[in-house]
Amino acid sequence: MRIVIELKRGSDPSIVLNNLYRLTALQSTFNCNMVGILNGQPKQMGLTELLQAFLDFRCSVVERRTRFKLSQAQDRYHIVQGIIAGLDNLDRVIDIIRKASSHVSAATNLREEFNLTDKQAEAILDISLRKLTSLEKNKFIDEGKALSEQISKWQELLSSKKLILEMVEDEANEIKNKFSTPRRSMLEDTDSGELEDIDVIPNEEMLLALSEKGYLKRMRPDTFNLQNRGTIGKSVGKLRVNDTMSDFLVCRTHDHVLYFSDKGTVYSARAYKIPECSRAGAGTPLVQILALSDGERITSIIPVSEFEGDQYLTMLTMKGYIKKVSLDYFSSIRSTGIIAIQLVPGDELKWVRRCTNDDFVAMASHNGMVILCPCENIRALGRNTRGGIAMRLKQGDKMASMDIIPASLGKKLEKGSETQQSHGRGFSGPWLLFISESGFGKRVPLANFRMSPLNRVGLKGYKFSSEDRLAAVFVVGFSVGEDGESDEQVVLVSQSGTVNRIKVRDISIQSRFARGVILMRLEHAGKIQSASLISATETESGELEEAAA
């Protein structure tokens with residue numbers, strides 16, 4: 001019989017198979033009564049206690065068996081010693097027996113003459129004439145030596161717990177070798193008898209898209225093809241009325257996804273628990289996944305594969321407060337969430353990034369002011385704290401974005417000459433990628449910015465028009481090609497949900513005071529709502545399809 005199950009569109013076959021294991025006879029589990037009689041009393045025991053009880057029983061069996069054999073050997077040795085004493089004085093023994101008037105008197109006379117016990121005297125009287133030869137005497141002497149060696153061996157065994165355990169092991173191996181048969185069942189190293197969802201779901205790359213009204217959708221990474229700079233882009237899908245895109249990121253299905261809200265609370269859930277949908281799908285409300293309070297919004301999402309001890313989460317609020325917290329503090333989060341940061345009235349948590357003490361942080365405000373600072377200068381605090389001031393904001397200005405510069409690029413942070421040409425590809429990486437709300441962008445070499453302590457005004461990084469302001473800033477240049485250009489790609493999402501994915505190398509390298517070039521023609525799509533960097537790894541077939549399109 002062959003059974004074929006057809007699934008609905010969008011269903012995960014691995015999840016369906018796992019449910020079949022759980023809910024049908026495709027996989028069965030059974031219980032075991034672990035109650036045994038221990039020391040004459042019924043007791044419920046675990047596997048360790050059962051094995052220990054069996055081991056104690058086997059040791060007791062070996063000990064009692066050895067004591068019995070020792071007792072028999074000692075009795076026999078006692079009798080053999082008496083017989084040997086009688087055979088050594090055979091003529092005198094025969095004379096005593098011949099002169100005795102009865103069996104009792106003969107035994108009594110033997111005991112008195114040779115200092116024997118009752119058993120030894122009786123053994124001498126029971127000897128037949130054929131055993132009085134010298135050959136038979138030698139047999140008794142050899143038997144006595146063998147008995148003496150056995151008695152010493154068994155006494156040594158009874159005096160050592162280690163020797164008893166070795167004998168138990170030897171006997172177990174003997175039984176195994178004698179009665180062994182091939183195992184008919186299969187043992188699997190799993191935490192429980194039932195399969196979990198994560199056991200049957202492949203750890204693949206995926207895209208997460210979050211809207212301002214709290215709708216989250218999971219999509220495959222090939223949902224959006226690579227496009228040229230300055231194009232309109234492709235819609236991220238259906239959005240609710242007056243809803244806009246908030247965040248867009250790349251993670252893996254097995255990751256722990258940390259959801260940080262504007263109220264400073266953090267929630268956690270596995271990435272595969274988010275229902276997968278197509279680009280045109282509306283997504284799943286976060287309130288169905290997380291225990292959000294009324295009016296609470298998710299502002300930052302951090303995927304975590306492993307909670308490493310040397311990793312930190314750097315948090316930045318809209319009013320410019322910053323702090324870092326050890327990643328270990330978020331390894332166990334209850335379903336109702338835990339506090340990540342304390343906020344002043346009117347402030348909200350907006351950006352959270354992973355870092356180490358060797359990394360650097362880049363922060364920018366809406367007016368284009370930039371501060372670069374070593375992460376080790378940011379004080380590590382607990383969860384229920386507010387942090388320090390990151391940037392001295394001018395009247396009406398707010399924080400716009402934050403990104404982490406890896407330690408490997410730290411040597412590029414030396415201040416370079418600001419008199420270089422404002423166009424062209426003469427500036428070497430890495431770069432800061434600026435993206436404005438009106439769809440403009442540019443790259444500025446990191447060497448054009450100097451390190452600065454916290455609580456400063458910062459350096460001008462972007463010159464805006466009167467109605468424009470900064471939407472996001474990224475550190476690019478982690479991955480470069482043979483020509484020294486960036487291999488990364490940036491995904492831009494407008495307020496109306498339109499998505500454009502372009503190569504970073506197509507964005508011009510300019511000075512700190514330039515306006516930039518057009519990255520995305522917004523027209524009626526509103527403003528740039530969010531942006532994210534993704535890897536540029538594409539299969540050859542995928543590139544051919546994109547070129548043909």
Side-chain angles (χ1 to χ4, degrees), residues 246-247 299-300 314-324 347-353 355 359-375 377-378 387-406 409 412-413 415 418 427 429-465 467-477 488 490 492-493 504 507-517 519 527-533:
S246 172
D247 206 352
T299 56
S300 190
T314 300
M315 307 178 191
L316 181 64
T317 69
M318 284 292 293
K319 291 190 175 182
Y321 287 94
I322 190 172
K323 75 169 185 177
K324 68 178 181 183
D347 198 4
E348 64 181 49
L349 176 61
K350 191 67 176 177
W351 301 275
V352 182
R353 299 289 185 270
C355 71
D359 296 336
F360 301 83
V361 60
M363 298 167 285
S365 69
H366 281 305
N367 290 341
M369 306 305 294
V370 178
I371 282 183
L372 302 183
C373 174
C375 289
N377 290 0
I378 305 174
I389 298 177
M391 178 182 291
R392 194 178 301 166
L393 299 172
K394 295 183 179 180
Q395 184 70 25
D397 195 9
K398 293 183 179 180
M399 299 304 299
S401 185
M402 174 182 70
D403 202 7
I404 299 299
I405 305 171
L409 301 180
K412 301 286 187 178
L413 295 181
K415 181 181 178 181
E418 297 185 5
F427 295 164
W431 308 271
L432 280 183
L433 172 60
F434 292 88
I435 300 171
S436 73
E437 291 185 346
S438 61
F440 284 78
K442 67 176 181 178
R443 284 184 291 165
V444 180
L446 275 176
N448 287 8
F449 298 89
R450 64 175 179 266
M451 300 300 298
S452 172
L454 298 176
N455 197 11
R456 295 292 189 271
V457 176
L459 290 177
K460 192 73 173 179
Y462 206 115
K463 184 178 181 180
F464 296 106
S465 62
E467 297 181 354
D468 198 6
R469 62 179 187 174
L470 189 64
V473 62
F474 297 104
V475 180
V476 295
E488 291 122 334
V490 63
L492 306 179
V493 185
V504 172
I507 303 175
S508 297
I509 303 173
Q510 301 182 353
S511 69
R512 294 194 290 113
F513 302 98
R515 186 186 176 189
V517 296
L519 304 183
K527 299 179 179 180
I528 296 293
Q529 182 65 30
S530 67
S532 63
L533 283 176

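Put simply, the side chain of F464 reaches to within 4.5 Å of the side chain of L470, judged on heavy atoms. Using a 4.5 Å cut-off on side-chain heavy atoms (C-beta onward), K463 and R515 make no contact. Contact of the F360 side chain with the M451 side chain is registered, since non-hydrogen atoms from C-beta on lie closer than 4.5 Å. Here the side chains of I509 and P445 are in contact, with some heavy-atom distance below 4.5 Å. A heavy-atom distance below 4.5 Å is found between the side chains of Y321 and I389. Side-chain contact between V370 and V473 is absent, with no heavy atoms from C-beta onward closer than 4.5 Å. Looking only at side-chain heavy atoms (C-beta outward), L433 and E488 stay at 4.5 Å or farther from each other. In this structure the side chain of S365 reaches within 4.5 angstrom of the side chain of L393, judged on heavy atoms.
The local environment of NZ in K319 is crowded, with over 12 non-hydrogen atoms from other residues, nucleotides or ligands closer than 6.0 Å.
Listed for the D403 side chain is a donor-acceptor partner under 3.5 Å among the backbone atoms of V475. Between the K442 side chain and the Q510 main chain, no donor and acceptor come within less than 3.5 Å of each other. Side chain of S401 to main chain of A364: no donor-acceptor pair is present (N/O by atom type, distance under 3.5 Å, no hydrogens or angles).
Considering every non-hydrogen atom in both L349 and T299, the closest pair reads O-OG1, 2.6 Å. Listed here is the closest heavy atom pair of M369 and M391: O-CE, 3.6 Å. Closest heavy-atom contact between M318 and K350: SD-CG, 3.8 Å. What you find for L459 and R512 is that their closest heavy atoms are CB-NH1, 3.9 Å. Shortest non-hydrogen contact noted between H366 and D397 is N-OD1, 3.3 Å. Shortest non-hydrogen contact noted between L432 and A362 is CD2-CB, 4.1 Å.
Rounding to the nearest 0.5 angstrom, the gap separating the OG1 atom in T317 from the NZ atom in K323 is 10.5 Å. Atoms CG and CD1, on L519 and I528 in that order, are 7.5 Å from each other to the nearest 0.5 Å. One finds the CD1 atom of I322 at 6.0 Å from the CG atom of L454 (value rounded to the nearest 0.5 Å). Separation of atoms CD1 (I371) and CE (M399) is listed at 7.5 Å; rounding is to 0.5 Å. In this structure, the separation between SG on C355 and CE on M402 is 8.0 Å, given to the nearest 0.5 Å. Taking NZ from K324 and CG from N377, the interatomic distance works out to 8.5 Å, rounded to the nearest 0.5 Å.
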I435 vs F474, side-chain contact (heavy atoms from CB on, under 4.5 Å): CA-CA, chis, key distance, verdict: CA-CA 9 Å; I435 300 171; F474 297 104; 4.1 Å; yes
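Taking the six-membered ring where the residue is Trp, F449 and F434 present tilted rings, their angle falling between 30° and 60°.
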